[in-house]
Amino acid sequence: MATSAQARKLFKSWHGLKEGPQVDKKIINPWNKKTGRKVKSKTTPWCAIACASCLLQIGVKYLSTSAGCTQQLAYYKKKKRFKARGSKPAVGDLVFYNFNKVKKSNVSTHMGMVTSVNYKKKGFIYVIEGNKGDKVAYRHVSYSSASIIGFGKPYYK
């Protein structure tokens, strides 16, 4: 069974990959193969796909393979594997954001994966995200940031 350490290692190996052939080969195509879709990173927002593809590639059995952040958010809420903003996430958890001016707790506009936490230093988490500036990149943010909706807990070992 897959572990959060495996997920973090794979996602981190994608750091710096740029939208286009690099991302399509390592992230999008494996997801397309598993889901029967035919999308490309240049034509589809792919942050949710990056999270799903990572989990699929390491063998997580129960997950949302949706290409949409809001749909993945709904999945984790329905499965009761969701914690609201302010909860302390663990490495490997998925973070859901809403960067719109009108915040809604059921609409996610972006997502990524927690790679490390530092609760002693003002509660910061480090997140790796697909489609951040058209590449795989890191974000450093407080786990109680107003932009965070909350955290999904994948079914790891």
Side-chain angles (χ1 to χ4, degrees), residues 1-35 41 44-77 79-99 108-145 147-157:
M1 186 176 223
T3 66
S4 62
Q6 290 172 307
R8 182 178 78 169
K9 182 178 179 181
L10 178 59
F11 214 136
K12 287 174 79 171
S13 77
W14 298 338
H15 179 254
L17 291 180
K18 295 181 180 170
E19 185 171 87
Q22 292 179 322
V23 166
D24 290 344
K25 180 180 179 183
K26 299 243 179 180
I27 300 171
I28 306 293
N29 291 344
W31 179 84
N32 280 338
K33 186 176 180 181
K34 292 277 189 180
T35 63
S41 62
T44 303
W46 51 275
C47 60
I49 294 172
C51 292
S53 184
C54 178
L55 297 175
L56 281 167
Q57 289 184 50
I58 65 162
V60 171
K61 293 187 190 260
Y62 305 103
L63 69 145
S64 171
T65 57
S66 175
C69 301
T70 297
Q71 291 78 11
Q72 287 206 28
L73 171 64
Y75 172 85
Y76 286 98
K77 283 183 170 183
K79 297 295 183 183
K80 300 193 183 328
R81 307 226 10 121
F82 177 81
K83 294 180 185 179
R85 176 183 69 241
S87 301
K88 292 181 176 181
V91 169
D93 284 359
L94 303 179
V95 58
F96 294 93
Y97 303 97
N98 183 322
F99 292 120
S108 178
T109 60
H110 192 66
M111 65 185 291
M113 181 180 286
V114 176
T115 60
S116 65
V117 295
N118 186 341
Y119 298 123
K120 292 179 182 177
K121 188 178 180 183
K122 298 183 183 176
F124 280 101
I125 59 174
Y126 299 87
V127 181
I128 192 163
E129 303 164 1
N131 205 26
K132 182 179 186 294
D134 295 332
K135 62 184 175 183
V136 178
Y138 287 100
R139 182 184 310 269
H140 176 238
V141 63
S142 169
Y143 66 90
S144 59
S145 166
S147 297
I148 292 177
I149 298 168
F151 307 93
K153 182 92 174 150
Y155 290 90
Y156 297 122
K157 181 178 176 183

### Message
Run Trp46 and Val23 through side chain to side chain contact (heavy atoms under 4.5 Å, CB included) and show every step you take.
### Response
CA-CA 9 Å; Trp46 51 275; Val23 166; 3.6 Å; yes
Backbone N or O of [Y] within a donor-acceptor pair of the [X] side chain at under 3.5 Å?
X	Y	answer
Thr70	Ser108	yes
Ser145	Val141	no
Trp14	Ala137	no
Asp134	Asn131	no

Nearest 0.5 Å, what's the [atom1]-[atom2] distance between [X] and [Y]?
X	Y	atom1	atom2	answer
Lys33	Gln57	NZ	CD	10.5 Å
Ile49	Cys47	CD1	SG	8.5 Å
Tyr156	Gln6	OH	CD	9.5 Å

Indicate the atoms forming the closest heavy-atom contact of [X] with [Y], along with that distance.
X	Y	result
Met113	Arg8	SD-N, 4.1 Å
Thr3	Ile58	O-CD1, 3.7 Å
Cys54	Leu10	O-CD2, 3.8 Å
Pro89	Val114	CB-CG2, 4.1 Å
Ala50	Gly130	CB-CA, 4.0 Å
Gly152	Phe82	N-CD1, 4.3 Å

### Message
Are there over 12 heavy-atom neighbours, none belonging to Lys26, within less than 6.0 Å of that residue's NZ?
### Response
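12 or below, so no.
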### Message
More than 12 heavy atoms of other residues, nucleotides or ligands under 6.0 Å from OH of Tyr62: yes or no?
### Response
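No, the 6.0 Å shell around OH holds no more than 12 heavy atoms from other groups.
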[Y] and [X], any side-chain heavy atoms less than 4.5 Å apart:
X	Y	answer
Leu55	Leu94	yes
His110	Arg139	yes
Leu56	Leu63	yes
Glu19	Lys135	no
Phe11	Thr115	no
Tyr138	His15	yes
Phe96	Thr109	no

### Task
Would you check if there is a donor-acceptor pair between the side chains of Ser64 and Ser66 at a distance under 3.5 Å?
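There is no such pair between these side chains.
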### Message
Checking Asp24 against Ser41: is there a side-chain donor and acceptor pair closer than 3.5 Å?
### Response
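Side chains of Ser41 and Asp24: pair found under 3.5 Å.
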### Task
Report yes or no: is the cationic atom of Arg85 (NZ for Lys, CZ for Arg) under 6.0 Å from the centre of the six-membered ring of Tyr97, at an angle within 45° of the ring normal?
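Geometry flag: not set, cation outside 6.0 Å or 45°.
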### Query
Listed by chain and number, what are the side-chain contact (heavy atoms from CB on, under 4.5 Å) partners of Arg81, not counting sequence neighbours?
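Checked Arg81 against side-chain contact (heavy atoms from CB on, under 4.5 Å); matches are Tyr76, Lys79, Lys153, Tyr155.
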### Query
Would you say the ring centroid of Tyr143 lies under 6.0 angstrom from that of Tyr119?
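Yes, close enough.
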#### Entry: Check against side chain to side chain contact (heavy atoms under 4.5 Å, CB included), Ile148 and Ile125
CA-CA 11 Å; Ile148 292 177; Ile125 59 174; 4.3 Å; yes
